[in-house]
Amino acid sequence: MVSKRTIDYYTSIGLLTAERSKANYRIYTDESLIDLKFIVDCKGLHYPLDEIKRKLEMKKAKNIRDSEVEQHIGVVTQQMKQLDTDLSVLISLIETLDEQQKEKLAKKLNLQGTLLMKSLLNLTS
């Protein structure tokens, strides 16, 4: 959930766009709502707002330079390397848990996390 104040802030810094009604109320389009979900997801990954803005601009760009694509690929590749390292550590931690602890952990995870957990458990078995 995102507060009105946060949405107003994102609009004021140009992350979100809104149309205005005749009564001067902000009206957010479906595209703005998709952008808001993207922003929330990026914030969940601890991206700074300037990076989120850059990602939104790239996402919406009709023409994008090869150098920007290459830079983005580099960033994503680095993130994948970090995730690989994190997963290695996570697998080691999961191996130390007993079955009851693994089940308790699995219940706390969302659907994607549960699928990841099952994959990790298969790797450690």
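Along the sequence shown, the residues carry numbers beginning at 1.
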Mind checking salt bridge (Lys or Arg N to Asp or Glu O under 4.0 Å) for E99 and listing every partner two or more places apart, or none if nothing turns up?
-> K102
For [X], give me all partners under side chain to side chain donor-acceptor pair (under 3.5 Å), at least two apart in sequence or on another chain.
| X | answer |
| --- | --- |
| T96 | none |
| K37 | D41 |
| N24 | none |

How would you list, by chain and number, every residue that makes a side-chain contact (heavy atoms from CB on, under 4.5 Å) with [X], sequence neighbours excluded?
| X | answer |
| --- | --- |
| S21 | A23, Y25, I27 |
| K22 | none |
| V89 | L93 |
| S67 | R65 |

Determine which pairs satisfy salt bridge (charged side-chain N to carboxylate O under 4.0 Å, His left out) with at least one residue from residues 44-56, sequence neighbours left out, and list them in order.
-> E51-R54, E51-K55
Residues 7-18 vs salt bridge (charged side-chain N to carboxylate O under 4.0 Å, His left out), sequence neighbours excluded, gives K4-D8, D8-R26
Nearest 0.5 Å, what's the [atom1]-[atom2] distance between [X] and [Y]?
| X | Y | atom1 | atom2 | value |
| --- | --- | --- | --- | --- |
| L97 | E103 | CG | CD | 11.5 Å |
| M1 | T6 | CE | OG1 | 10.5 Å |
| Q78 | L83 | CD | CG | 10.5 Å |
| I94 | Q101 | CD1 | CD | 11.5 Å |

Steps toward side chain to side chain contact (heavy atoms under 4.5 Å, CB included) verdict (T85, S88) | CA-CA 5 Å; T85 301; S88 295; 5.7 Å; no
Under a single-linkage rule joining Ile, Leu, Val, Met, Phe, Trp and Tyr whose side-chain heavy atoms are separated by less than 4.5 Å, which residues share a cluster with L16?
-> V2, I7, Y9, Y10, I13, L15, Y28, L36, F38, I39, V40, L45, Y47, L49, I52, L56
Apart from V75 itself, members of its ILVMFWY cluster (side-chain separation under 4.5 Å) are none
Taking the side chain as every heavy atom from C-beta outward, state whether K59 and D35 have any pair of such atoms under 4.5 Å apart.
-> yes
